**Student:** 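The structure's right below; bear with me while I get my questions together.
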Amino acid sequence: MAGPAILESVTRPSATNRLTGGELVAMLRQMMTIRRFEMRAKEMFLQGLIKGTAHSSVGQEAIAVGACRALEARDFLLTHHRGHGHTIAKGADVTRMFAELLGRETGYCAGLGGSMHIADLSSNILGANGIVGAGMGLGCGAALAQQLKRTGAIGIAFFGDGASNEGIFHESMNLASIWKLPLIFLCENNQYGLSTPSAMVTAGSTIAARADAYDVPSARIDGNDALAVFEAVERAALRARAGDGPTLIEALTYRWDDHSMRANLPAYRSGEEEASWRDADPLVRLRTRIVSAGLAADRECDAMASRVDAEIEAAIDGAMGAPEPDFASASTKVTAPGTATGDEPAPGARPLTYKQAITEAFAQEMERDDDVFLIGEDIGRIGGIFGLTPGLQERFGADRVRDTPISEAVIASAAVGAALCGLRPVVEIQLFDFVTHMMDAIVNQAAKARFMLGGAASVPVVFRGPQGAGIRLAAQHCQSLEAWFANVPGLEVYCPSSAYDAKGLMAAAIRSDNPVVFLEHKLLYLGDAQPVPEEPYALAPGRARIVREGTDCTVVATLAMVERAVQAAGRLARQGLSVEVIDPRTISPLDMETIVASVRKTNRAVVVHEAVTFGGFGGEIAAQIMERAFDWLDAPVRRVGAPMMPVPYNDRLEREFMPSASTIADAIKEVCYAA
Ligand SMILES: Cc1ncc(C[n+]2csc(CCOP(=O)(O)OP(=O)(O)O)c2C)c(N)n1
Ligand SMILES: [Mg+2]
């Protein structure tokens, strides 16, 4: 049933007299603004002025306007690709919106995001999104931030019927329910996800009914009736503000236009169906109500529509006249500037293991900054399965050392949402391989938010956990995956190999305004205690450590490979070779200066990592050495890493798979004795 008859199946609004006549007229005006905005945007797209794509919300205006009317200014919203209406209803300026669609510097994202990424943090519009369903996970984090900071604010995550079949919907509903997050899940069921009828791909009687499984109240409403939307959202907002948790609202509606302005899809909806929904026009319905209640005359509504049209034309003129961004300034918006001074305190005499050093960094940073909190599976009650967070929940409370369900996607997304709202989450990835479930949050959301918001956002979040082989956990628990993140602009990647570096880099990661992927290593967890300063300190990322000086060959190694490289250097010293070992400590940013300076001195280089050699970040270092020190090289740069094979379980094979001190020594000899 895709025709408007479906609207008969839902509850009608009962009491709408809380809205004054003035408010109803203002709502109609907003709906007119949205419609005119979308119609003109489509025309401008067809004229080639707006590029890429944009998604019209014509036909769905009542949801945006009814919902935002029930919000306060302090409340937030997250929306999706079809988000123009939501942002306008929340107060976005249409000139800046057009400017963004036109790729102008004065747009909400400085022309770097476009239609699908409009956000305005100052009015708590936390962003549209190009990834279906993403707003729900981010919304959980934004709601968590309100809960933890006790702001009293609540929020809405808008999403489509299609998004209700994404895993993030289910993880988010569960999380919001168990934590009683002040979040409204507002599904705009416009009957289709792109060309696919919702009814064909959605199990269960309704989307609203899914809420029962999560013990969340729900409502299925007429989304073309702005007052019905207002009423449902107002009720959900009251509940959220009272601390009773989320509500799921399924608002039935229909988009009049094609899926996107770019889409030129074969017909997948019947003409009759489209026409029947046009008859259920949400603007006409509100206008009729206003006129029949004597709140405004027809001609006054017409005059209002003319004023809206004129405003939209003025907005377009303003946007068209704005300058385009330039490449140089765009490139400054990828990452936030660093704050660490670069001071490195003397290690002192107090010994700590690698794990204890990280735990101490957590405790000291949580003491130092109330916005820091830890989140992950099993981290609180038992201190994490590798014991990185022991005793911290007792000390800082369950709010700040937060045990989660096994829901990596929403853990990571919620952390990003919380970071956008000013908190500093540190996410434990139980085994780093499980980062696969977090990729959207890390790569599409955290890494790009700052850039796509024109440099306006900071995303201070740390994703940390143990990677690497060595304790026989086989192929899905032992990978070395840093290369996946090293080539994503917007992310920092830290990989400490000593207790001293682990503490200082963890503090730096937590204090960084950028998302940091923080890689630990299981074998380093087993290492001996080393001197670590007692006071808090943060090491500047992008500063390599010369672990051992030498003159015949430079070895660049990371994580567990550093110790093996040092062993190899020790063995070769007895054979008369002087090997310099460098640990970059962070691979993004990467201190190529120290590496290049060393190679210009030694004239030879070996790059070692545990990850598979093919496509590993060692190739990047080797390439840069070739680019920047070719004339100094006496032999080709050698890479040492794992073969193109998943990590084998068998004890002996796993050892053979990992680079050893011997394989590193062999590579060094090869470059040193090359003709
Ligand atoms: C994760 C993801 N999968 C697929 C897409 C491509 N895509 C963009 S919008 C869309 C349809 C979404 O349908 P729905 O959630 O119902 O929203 P609607 O477009 O109907 O407003 C698809 C498949 C995407 N952007 N992100
Ligand atoms: Mg849809």
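First listed ligand is number 1; within each ligand, the first listed atom is number 1. Small disclaimer: the values here were computed from a predicted structure and weren't measured.
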**Student:** Check whether the side chains of Gln476 and Asp433 place a donor and an acceptor atom closer than 3.5 Å, and report yes or no.
**Tutor:**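 Short answer, no.
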**Student:** Check each protein residue for a heavy atom under 4.0 Å from ligand 1 and list those that pass, ordered by chain and number.
**Tutor:**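 Residues near ligand 1: His80, His81, Arg82, Gly130, Ile131, Val132, Gly160, Asp161, Gly162, Ala163, Glu166, Asn190, Tyr192, Gly193, Leu194, His259.
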**Student:** Just jot down the salt bridge (charged side-chain N to carboxylate O under 4.0 Å, His left out) partners of Lys448, sequence neighbours excluded, or say none.
**Tutor:** none
**Student:** Can you see whether Trp277 has Arg269 sitting over its ring - NZ or CZ less than 6.0 Å from the centre and within 45° of the normal?
**Tutor:** no
**Student:** May I ask you to check whether Tyr214 and His170 show a side-chain donor-acceptor distance below 3.5 Å?
**Tutor:**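 Yes, side-chain donor-acceptor contact under 3.5 Å.
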**Student:** For Arg450, which residues count as a salt bridge (charged side-chain N to carboxylate O under 4.0 Å, His left out) partner, sequence neighbours excluded?
**Tutor:**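 Once residues adjacent in sequence are excluded, Arg450 has no partner under the salt bridge (charged side-chain N to carboxylate O under 4.0 Å, His left out) criterion.
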**Student:** For the rings on Phe485 and Phe463, is their centre-to-centre separation under 6.0 Å?
**Tutor:**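 Phe485 vs Phe463: aromatic centres not under 6.0 Å.
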**Student:** Taking the side chain as C-beta and beyond, is there a heavy-atom pair between Leu252 and Asp222 under 4.5 Å?
**Tutor:** no
**Student:** Tell me how many protein N, O or S atoms are within a distance shorter than 2.8 Å of the Mg ion (ligand 2).
**Tutor:** 3
**Student:** Which atom names give the shortest non-hydrogen contact between His55 and Ser260, and what distance separates them?
**Tutor:**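 Where His55 meets Ser260 most closely, the heavy atoms are CD2-CB, 3.4 Å.
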**Student:** Which residue is it: Arg241, Lys90, Arg69? I am looking for the one with a salt bridge (charged side-chain N to carboxylate O under 4.0 Å, His left out) to Asp75.
**Tutor:** Arg241
